[in-house]
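Reviewing the structure listed below.
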Amino acid sequence: MTRDPHWSDWRWQMRHRVHDEATLREYVTPTDDELAAIEATRDIFRWNITPYYASLMDPDDPDCPVRRQVVPRMSEMAPDIVGVVDPLDEVGHSPVKNLIHNYRDRVAFCVTAECAIYCRYCLRKRMVGDADFMMRKDELGEALDYLAAHPEIRDVLLTGGDPLVFNEANLSWLLERLRAIPHIEVIRLGSRLPVTLPYRITDDLCNLLRAHHPVWLNTHFNHPKELTPEAAAACAKLAEAGVPVGNQTVLMRGINDDLATMKALVEGLVAMRVWPYYLYQAQLIGGTAHFRTSIETGMALMRGLRGHTSGFAVPSYVLDTPFGKVPLTMDYVRGRAGDHVVLESTRGDLWAEPNPLGDETPPLILPEVDLPPGIATLPTGAPTFVPVAEGYTETA
Ligand SMILES: *Cc1c(COP(=O)(O)O)cnc(C)c1O
Ligand code: SF4
């Protein structure tokens, strides 16, 4: 396919998004299931793909990890264990429209409901692409008034939808108003555009962000196929503008729930100077059951990363709940054995570390465990490696 001369103009990309069968056929050979799903989901969840992101799809493989994220499938219509559309009770946590105040010191501010593409697993499926959740200027003003009236809020996450679908004039208006509120220390952007429309990261945008520092940005890569030279260039521009770039990945069955893919993703991200920040357990959202994978699978992936790649390539695996994000950690600390703490190494060995407790009552109570054989008789301060397999039992 020859590319339009305006291909790398982000506005051209937005105007030429794929949202009908004929245009889709320029990129892939759609399956009957995909064609049926495009019809069936029409009134349920919007469908749009930027030409750039569409060009990353495998034309012949419907299970392509890029294609599955953006082309509807009939599984979206399957009976689900949930009809839940707002699993985090974000509406209940919004004192004013689209402003989610769940943590004391920081908020998520959904400044728009629009995105460049509509990810089929989206957490905010209930609102993205929906005209009712668009923000008029007076509604943005009400949210800004709330922020100004709440001095405990020091960190504002602009999200959506995608805040970078705003043009520079609107973004500039918003950033200036936020910067006029003295207690707001950090402005964060949550944007998928470095992944789905990297041409959006223009010099003008970078200059605008630079003028409102400290500005952080979290983007959303899910698969190594998305780590293209164009995406790398967008992330490099942000880094050069002094914007720390992080990444949030959603763990999805058949897309990134195997160790080789996840390792290639996080290592590719750090090579682009993007810090893997969160790995999310997929939420309970109607029509997304086919994307969900078990929490144990996610924990096993984390075991495969921690200690086996650069420490800063290892994200935190979390589940978001109405009570905030909960780390899904499987602990390396087995428990306390007298004056030692028994640990399991990232390679599977046991280690007993002398614990300088004295007469203190520790702030956390560890379960009591037996010292593994071979360590019990050692003098304090001379721990030794013992293979896990050698008859280790927990008593607590
Ligand atoms: C995730 C989230 C934040 C930011 O949380 P961090 O753990 O600080 O990244 C803030 N508000 C809401 C409602 C969120 O969901
Ligand atoms: S870019 Fe983010 S908010 Fe928009 S559809 Fe995708 S996951 Fe949802």
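In listed order, ligands and their atoms are each counted from 1. Computed over heavy atoms, backbone and side chain alike; hydrogens, waters and symmetry mates excluded.
- Listed by number with element, the atoms of ligand 1 under 4.0 angstrom from any heavy atom of Lys325 are 1 (C), 2 (C), 3 (C), 4 (C), 5 (O), 14 (C), 15 (O).
- Close N/O approach between Asp155 and ligand 1 is not found [any backbone or side-chain N/O within under 3.5 Å].
- Ranking protein heavy atoms by distance to atom 11 (N) of ligand 1, first place goes to Tyr103 CD1, 3.6 Å.
- The proximity of Ile117 to ligand 2, defined as any non-hydrogen pair under 4.0 Å, is limited to the backbone.
- With ligand atoms numbered from 1 in the order given, ligand 1 contributes 15 (O) to contacts under 4.0 Å with heavy atoms of Asp320.
- Looking only at atom types and distance, the side chain of Tyr199 has no donor-acceptor partner in the side chain of Gln13 under 3.5 Å away.
- Taking a cut-off of under 4.0 Å to the non-hydrogen atoms of Tyr277, the atoms of ligand 1 that pass are 6 (P), 7 (O), 8 (O), 9 (O).
- Considering only non-hydrogen protein atoms, atom 8 (O) of ligand 1 sits nearest to Arg106 NE, 2.7 Å.
- Protein heavy atom in closest approach to atom 6 (Fe) of ligand 2: Cys119 SG, 2.3 Å.
- The Tyr278 neighbourhood of ligand 1 comprises atoms 6 (P), 7 (O), 9 (O), with distances under 4.0 Å to a heavy atom of that residue.
- By the 30° and 60° cut-offs, the orientation of the rings of His16 relative to Trp12 is parallel.
- The protein non-hydrogen atom at the shortest distance from atom 4 (Fe) of ligand 2 is Cys115 SG, 2.3 Å.
- For atom 8 (Fe) of ligand 2, the closest non-hydrogen atom of the protein is Cys122 SG, 2.2 Å.
- The 12-atom threshold is not exceeded at CG of Asp43, counting heavy atoms of other residues, nucleotides or ligands nearer than 6.0 Å.
- Comment: Glu240 engages Arg273 in a salt bridge, judged by a side-chain N to carboxylate O separation of less than 4.0 angstrom.
- Salt-bridge formation is detected for the pair Asp155/Arg188: a Lys NZ or Arg NE/NH1/NH2 atom is positioned less than 4.0 Å from an Asp or Glu carboxylate oxygen.
- Taking atom 2 (Fe) of ligand 2 as the reference point, the nearest protein heavy-atom neighbour is His220 ND1, 4.5 Å.
- For the side-chain contact (heavy atoms from CB on, under 4.5 Å) with Tyr53, the qualifying choice from Val66, Leu197, Asn48, Thr228 is Val66, the only one to do so.
- Considering only non-hydrogen atoms, atom 1 (S) of ligand 2 lies nearest to Arg192 out of Arg124, Arg192, Gln69.
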Test Asp138 against Arg136 for salt bridge (Lys or Arg N to Asp or Glu O under 4.0 Å), laying out the working first.
CA-CA 5 Å; Asp138 60 311; Arg136 293 190 316 262; 3.0 Å; yes
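- Under the 3.5 Å distance criterion, with hydrogens and angles disregarded, no donor-acceptor pair is assigned to the side chains of Glu76 and Thr41.
- Listed by number with element, the atoms of ligand 2 under 4.0 Å from a non-hydrogen atom of Val128 are 3 (S).
- Contact annotation: Glu90 has no heavy atom less than 4.0 Å from any atom of ligand 1.
- For atom 13 (C) of ligand 1, the nearest non-hydrogen atom of the protein is Ile100 CG2, 3.6 Å.
- Partner Glu90 forms a side-chain contact (heavy atoms from CB on, under 4.5 Å) with one of Asp320, Ile100, Asn102 and no other, that one being Ile100.
- The single protein non-hydrogen atom nearest to atom 4 (C) of ligand 1 is Arg188 NH2, 3.4 Å, given as residue, atom name and distance.
- Surrounding CG of Asp20 are more than 12 heavy atoms belonging to other residues, nucleotides or ligands, all under 6.0 Å away.
- Each of Asp132, Asp89, Asp86 was scored for a salt bridge (Lys or Arg N to Asp or Glu O under 4.0 Å) with Arg126, with one residue passing: Asp86.
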